[in-house]
Amino acid sequence: MSTDLCTLMRDPKMIPYVKQSLLSQIADQAASLGMPSYLVGGFVRDLLLKQPVNDYDIVVEGDAIKLGEALVKKFGGKLTPHYKFHTAIWHIPPLLNNERSRLDLITARTETYSQPGMLPTISPASIDDDLRRRDFTINAMAVRLDGDDFGALLDPLGGLDDLSKKLIRVLHPDSFIEDPTRIFRSVRYEQRYGFKITSQIGDKALETLSSLSGDRIRHEFDLILKEENSASMLARLYDLGIFGAFDPPLPGFNERYSDLLNAIPPVVFGVLGNRIVTGYLLWLIDSKVEAVASLAERLNFSSELRQISISAIQLKNDLPSLKSASPSLLTFKLEKIPLIVVYVLWLVSEETVLKEFLVRWRYVKQKTTGNDLKAYGLVPSPRFTEILTRLRAAWLDGEIVNDGDERELLESLL
Ligand code: ATP
């Protein structure tokens with residue numbers, strides 16, 4: 001594995017020139033304030049793995065908020081400081097970066113956990129301390145950004161060695177207990193890179209995990225469902241007993257749906273794909289409504305996600321009877337359901353009527369309008385909807401096939 005980070009960081013295939021120049025401006029600014037600066041975590045890991053780097057987390061030994069204020073003064077943009085965490089988000093002006101974007105500026109810090117599973121207390125510290133608060137050795141490396149040491153690797157915990165041995169290793173035995181979200185993170189990295197978790201998770205960590213807030217757990221599942229290998233991540237979590245650590249246990253993911261997690265809706269379906277929502281629906285569609293209602297409560301689903309998860313199950317249960325319904329009945333029913341639900345049910349069932357609804361039936365409309373009915377001398381009333389719906393149903397069911405048919409049917413209804 002090449003450790004010549006200087007060369008990698010100057011390679012435009014790894015870091016585009018405009019990003020390189022931005023980083024060097026930031027490093028110069030930090031240095032002028034007497035703050036050594038580093039890129040850390042996922043950036044270093046992915047750079048060493050020669051994978052595309054997305055996350056540019058900048059850590060300074062000093063005060064990230066002060067650095068952010070100086071950057072805004074010199075280059076513009078906007079700063080969102082988080083005083084409690086000693087961090088800031090710099091919303092970079094487009095001129096510096098060719099695009100609107102944001103960068104996380106972080107003060108090197110230690111974290112102390114007053115109680116397992118709680119959020120930590122933070123105090124400014126050295127980069128070495130900062131690396132020691134992290135989750136895994138492969139995420140606990142930094143690369144120096146400023147001055148003559150540009151490109152120097154800081155690896156006090158053997159991250160590089162574990163990276164070459166393809167190992168996910170926590171930094172201390174209580175790490176999973178201290179923060180059980182690391183269990184999800186370890187599985188995410190293991191399955192993403194084809195590595196192996198070396199550290200024991202243990203019963204105490206599982207116990208603490210079951211007491212985490214719904215938001216924190218759901219966030220971890222959201223991150224997993226965004227990943228290309230999400231199916232193998234869910235399967236691995238299940239095998240590790242993570243789903244069983246909850247009360248009631250979380251339903252397992254149906255392996256038959258694994259490939260569907262990466263499906264992209266065909267353009268003709270006119271459905272806006274959403275990986276995370278599709279993932280939850282595929283995960284839950286075979287469950288019982290009561291089980292999903294309790295899961296939605298435990299993971300604090302938004303009311304929208306809760307509702308569409310439940311309607312997916314109900315629609316799947318109704319499908320055998322719906323298949324034989326007329327196109328009009330089916331269309332009127334499916335129109336009340338979010339398109340993503342119909343799409344996911346089509347994914348799992350490949351039922352032709354669902355595809356017909358998505359690509360054709362939902363666009364079928366009668367020609368007659370309310371104004372036409374007024375022109376016939378009718379006074380607006382609920383009867384309008386009845387007539388127009390009847391005409392649309394006739395088109396959908398092939399009872400009428402041209403404008404003349406529609407006029408004839410309309411006149412018979414007046
Ligand atoms: P990914 O590619 O999954 O985004 P990342 O390393 O950029 O990976 P982030 O979630 O952005 O992941 O976190 C940035 C860094 O912060 C990690 O590399 C790790 O060093 C540290 N970190 C994040 N979450 C934790 C945690 N729960 N406990 C300890 N350190 C963490």
Side-chain angles (χ1 to χ4, degrees), residues 14-15 19 38-60 64 82 85-87 89 101-122 125 127-143 153-160 162-163 167-195 197 199 201 205 208-209 212-213 215-230 232-233 242 275-276:
M14 299 307 300
I15 306 177
K19 275 267 161 35
Y38 308 85
L39 277 164
V40 291
F43 174 91
V44 186
R45 179 197 68 221
D46 288 340
L47 192 69
L48 288 165
L49 288 172
K50 302 213 177 57
Q51 303 253 342
V53 288
N54 310 309
D55 263 5
Y56 292 79
D57 288 341
I58 293 182
V59 172
V60 291
H82 296 290
F85 300 107
H86 307 274
T87 60
I89 299 167
S101 63
R102 38 168 281 174
L103 203 72
D104 288 325
L105 305 171
I106 301 152
T107 306
R109 66 201 199 207
T110 51
E111 291 181 346
T112 37
Y113 291 80
S114 57
Q115 239 186 311
M118 300 297 281
L119 292 172
T121 317
I122 286 159
I127 185 73
D128 192 75
D129 290 328
D130 186 278
L131 295 176
R132 287 172 196 280
R133 75 174 165 90
R134 289 173 184 266
D135 47 5
F136 312 113
T137 56
I138 60 162
N139 281 346
M141 292 182 275
V143 56
L153 177 70
L154 275 80
D155 179 20
L157 298 151
L160 187 61
D162 283 342
L163 209 55
L167 297 178
I168 311 289
R169 190 196 304 276
V170 291
L171 306 191
H172 57 88
D174 285 346
S175 181
F176 284 131
I177 302 171
E178 189 174 80
D179 178 356
T181 64
R182 291 175 188 157
I183 300 171
F184 292 88
R185 297 178 62 82
S186 66
V187 167
R188 208 148 49 80
Y189 296 123
E190 184 192 57
Q191 300 300 314
R192 187 200 289 170
Y193 299 120
F195 283 16
I197 300 171
S199 318
I201 292 175
T208 318
L209 169 69
L212 285 193
S213 75
D215 283 340
R216 288 185 73 194
I217 298 165
R218 199 195 57 256
H219 177 66
E220 295 304 324
F221 278 115
D222 288 356
L223 292 177
I224 283 177
L225 292 172
K226 274 189 194 167
E227 299 262 349
E228 205 178 315
N229 294 341
S230 44
S232 56
M233 294 173 189
I242 308 308
R275 267 197 85 89
I276 298 183

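As the structure lists them, so they are numbered: ligands from 1, and atoms in each ligand from 1.
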Which pairs would a plain distance check flag for residues 218-226, meaning a side-chain donor or acceptor within less than 3.5 Å of a matching protein atom at least two apart in sequence or in another chain?
unit_1	atom_1	unit_2	atom_2	d
Arg218	NH1	Asp215	OD1	3.0
Arg218	NH1	Leu299	O	2.9
Arg218	NH1	Asn300	O	2.7
Asp222	OD1	Tyr280	OH	2.6

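Remark: ligand 1 atoms within the under-4.0 Å shell around heavy atoms of Thr181 are 27 (N). In the vicinity of Asp57, heavy-atom distances shorter than 4.0 Å reach the ligand 1 atoms 14 (C). Counting the atoms of ligand 1 from 1 in the order shown, those under 4.0 Å from a heavy atom of Arg192 are 1 (P), 2 (O), 3 (O). For ligand 1, the atoms lying closer than 4.0 Å to a non-hydrogen atom of Arg185 are 9 (P), 10 (O), 12 (O), 13 (O), 17 (C), 22 (N), 23 (C), 24 (N), 25 (C), 27 (N).
Using the six-membered ring where Trp is involved, Tyr193 and Tyr189 have ring planes that are parallel, under 30° apart on the 30 and 60° scheme.
Across the listed options Tyr189, Phe184, Tyr193, Tyr189 owns the non-hydrogen atom lying nearest to atom 8 (O) of ligand 1. For the residues Arg133, Lys226, Glu220, Arg182, the heavy atom positioned nearest atom 28 (N) of ligand 1 is part of Arg182.
Ligand 1 has a nitrogen or oxygen under 3.5 angstrom from a nitrogen or oxygen of Arg188.
Of all the heavy atoms of Asp55, the ones lying under 4.0 Å from any atom of ligand 1 belong exclusively to the side chain.
For the pair Glu111 and ligand 1, no heavy-atom separation below 4.0 Å is found.
Asp55 places no side-chain N or O within donor-acceptor distance of the main-chain N or O of Gly42, the cut-off being under 3.5 Å.
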